[in-house]
Each structure stands twice: as structure tokens, then as C-alpha cells.
Amino acid sequence: MTSVDMNYLTIALPKGKLFKPATDMLAQLGYSAEDLSENSRKLVITNEDAKLRFIITKTSDLPTYVEYGAADIGVIGKDVLVEDKRDVYELIDLGFGFCRMVVAVPRHLQREKLSDYAHMRVATKYPVIAEQFFRDKGVQVEFIKLNGSIELAPMVGLSELIVDLVETGRTLKENNLVEIASVLPTTARLIANRVSFKMKFERIHQLTAGLKQQMEGRVVK
Ligand code: PRP
């Protein structure tokens with residue numbers, strides 16, 4: 001199944017930190033639409049002249065829209081792709097949205113090595129990645145799935161540890177948490193629906209090539 005109309009290219013964009021850099025990058029190549037804004041009440045925004053459609057989704061849902069062909073392509077963090085394991089093509093690393101997924105702990109609970117945290121609780125939005133990480137390290141812990149503001153969990157005794165994304169490090173610092181292990185580096189990726197990639201190859205290829213050239217510092221129009 002592909003995005004409803006063969007004449008349109010449907011691009012999924014996630015709300016949140018990746019929205020602005022993604023739309024800026026696409027706009028430089030002429031992929032934009034009037035009223036395309038993160039705060040728009042309209043969730044489907046069309047550029048009739050360019051035969052483009054943008055849909056704005058919740059970050060964690062974006063790969064689902066692309067997998068089922070409700071969007072042909074989308075921009076999403078590698079963290080979400082690894083966690084969600086959707087059946088989509090990962091086309092290119094867009095080189096923005098750089099974050100690190102880390103294990104962190106309140107400073108006063110800091111121990112010497114990872115195995116010293118055995119049987120403690122880990123709060124995270126990324127239970128699949130976190131579980132894999134601790135399994136690989138041979139450390140048994142308990143996971144608590146949360147949907148946001150993960151740093152709150154150890155402050156109120158919900159968990160001892162967290163696995164979360166760090167960008168500037170400010171949130172960890174302000175909540176007196178210290179990083180004790182690195183789990184996964186992540187950046188924004190361009191993904192495509194498998195059928196769309198074949199059916200709309202020319203359009204998707206043209207966009208991908210433009211984005212690559214843009215990243216190499218050449219302006220393409
Ligand atoms: C992310 C992440 C951290 C914060 C890290 O949260 O989960 O909380 O950003 O950024 P920093 O290192 O620059 O401080 P986000 O703002 O996406 O919201 P969330 O807490 O609801 O997941």
C-alpha cells in the first residue's frame with residue numbers, strides 16, 4: 001500500500017526537535033508548503049503546485065505511517081527506528097539532530113561499575129534498546145516504561161537509573177544526574193515506504209540526491 005495518490009509525494013514530519021531542521025533542509029530544495037508549521041492545527045498540508053503533501057505526526061508514530069504507506073517518506077531519529085523496528089527503508093543520515101542515548105543516575109547513587117546497579121530499576125522511553133544494552137552487559141535490571149520527562153523518575157524514587165537521550169547535557173545537569181554509560185549515538189534519518197520507494201523512485205531519488213548534495217555543501221535547486 002502506498003500513499004493514496006500516485007501524483008503526490010507524501011512526507012511525514014515529526015513534531016518536536018527535528019521538525020524545524022527537517023523543514024529548513026527540505027525548504028532549501030523547494031519542498032515546502034504554505035502554513036507548514038509545527039503548531040499548525042492542520043495535520044495534512046498540501047502544496048498543489050509541487051504535488052507535495054506533508055503530514056505532521058507524533059514522533060514515535062512516524063515510522064508506522066511510513067511502514068503502512070500513509071506517507072511515502074519521513075524524517076525520524078535513529079533512536080526511534082532502532083526502538084520501533086518498523087519495516088521501512090532507511091535512506092540517508094541527514095546529519096542533524098545529533099543526540100546520545102545514555103544511562104544516567106543521580107550523583108549520590110553513583111557506583112563504580114555497571115554491575116553494581118544489578119536489580120535496580122531503569123526508567124526509559126526506550127525499553128527495547130535499554131533491555132538489549134543491559135542484556136549485552138550481563139546486568140539484570142527492571143525496566144519501567146515512561147513517555148517523557150524521564151529525568152523525573154529517579155528524583156521521586158520511581159527508579160534509580162534512567163536511559164534517555166542527551167543533547168546538550170543541560171537536563172541531566174539541572175537534575176543532578178550523571179552519565180554512567182553510553183548506549184547509542186543518534187541522528188535524523190530519511191526513511192521510505194518500501195513500495196513507494198519503487199513506485200515513486202524518481203521523485204524520492206531526486207530528493208535524496210538533493211539532500212546529499214546539500215549536506216556536502218553544494219546548494220541544489
Ligand atoms: C529530550 C530528552 C531529554 C532532553 C535532553 O527530551 O529526553 O529530556 O531532551 O536534552 P538536553 O541534553 O539538551 O538537556 P524532550 O525535550 O524531547 O522531551 P521529553 O522529556 O518529554 O522526552
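Fair warning: this is a prediction, and the values are worked out from it, not measured in the lab. Read the numbers this way: they start at 1 and go in the same order the structure lists the ligands and their atoms.
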Please state which part of Thr171 comes within less than 4.0 Å of ligand 1, counting heavy atoms only: side chain, backbone, both or neither.
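Both the backbone and the side chain of Thr171 come within reach of ligand 1.
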
Are Asp93 and Thr187 linked by a side-chain donor-acceptor pair shorter than 3.5 Å?
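The answer is yes; a qualifying pair exists.
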
Which ligand 1 atoms are under 4.0 Å away from a heavy-atom of [X]?
{"X": "Thr168", "answer": "11 (P), 12 (O), 13 (O), 14 (O)"}
{"X": "Lys17", "answer": "1 (C), 4 (C), 9 (O), 10 (O), 16 (O)"}
{"X": "Val166", "answer": "12 (O)"}
{"X": "Ser149", "answer": "19 (P), 20 (O), 21 (O)"}

Under a heavy-atom criterion of less than 4.0 Å, does Gly16 contact ligand 1?
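The answer is no, since Gly16 has no heavy atom less than 4.0 Å from ligand 1.
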
Specify the protein heavy atom at minimum distance from atom 5 (C) of ligand 1: its residue, its atom name, and the distance to 0.1 Å.
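The answer is Leu165 O, 3.4 Å.
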
What protein heavy atom is closest to atom 7 (O) of ligand 1, reported as residue, atom name and distance in Å?
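Checking every protein heavy atom, the shortest distance to atom 7 (O) of ligand 1 gives Asp164 OD2, 2.8 Å.
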
Should the pair His205 and Phe201 be assigned to parallel (<30°), tilted (30 to 60°) or perpendicular (>60°) ring geometry?
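If you compare the ring of His205 with that of Phe201, the planes turn out parallel.
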
Counting only heavy atoms on the protein side, is anything nearer than 4.0 Å to atom 12 (O) of ligand 1?
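So far as the 4.0 Å threshold goes, atom 12 (O) of ligand 1 is in reach of a protein heavy atom.
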
Hey, is ligand 1 close enough to Asn147 that some N/O pair sits below 3.5 Å?
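In this structure, Asn147 places no N or O atom under 3.5 Å from an N or O of ligand 1.
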
Return a yes/no value for Ile150: is any of its N or O atoms, backbone included, closer than 3.5 angstrom to an N or O of ligand 1?
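By distance alone, the answer is no.
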
Under 4.0 Å between a side-chain nitrogen and a carboxylate oxygen: does that hold for [X] and [Y]?
{"X": "Asp116", "Y": "Lys113", "result": "yes"}
{"X": "Glu90", "Y": "Arg189", "result": "yes"}
{"X": "Glu167", "Y": "Lys17", "result": "yes"}
{"X": "Asp87", "Y": "Arg194", "result": "yes"}

What's the verdict on side-chain contact (heavy atoms from CB on, under 4.5 Å) for Tyr89 and Val66, showing C-alpha distance, side-chain angles and the deciding distance?
CA-CA 9 Å; Tyr89 284 131; Val66 176; over 6 Å; no

Run the side chain to side chain donor-acceptor pair (under 3.5 Å) test on Gln132 and Asp136 for me, step by step, so that the C-alpha distance in whole Å, both residues' side-chain angles and the decisive distance to 0.1 Å come before the verdict.
CA-CA 6 Å; Gln132 180 76 49; Asp136 289 350; 3.1 Å; yes

Proximity winner for atom 8 (O) of ligand 1, if only heavy atoms of Glu151, Arg170, Lys125, Arg100 are counted:
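Considering heavy atoms of Glu151, Arg170, Lys125, Arg100, the nearest to atom 8 (O) of ligand 1 sits in Glu151.
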
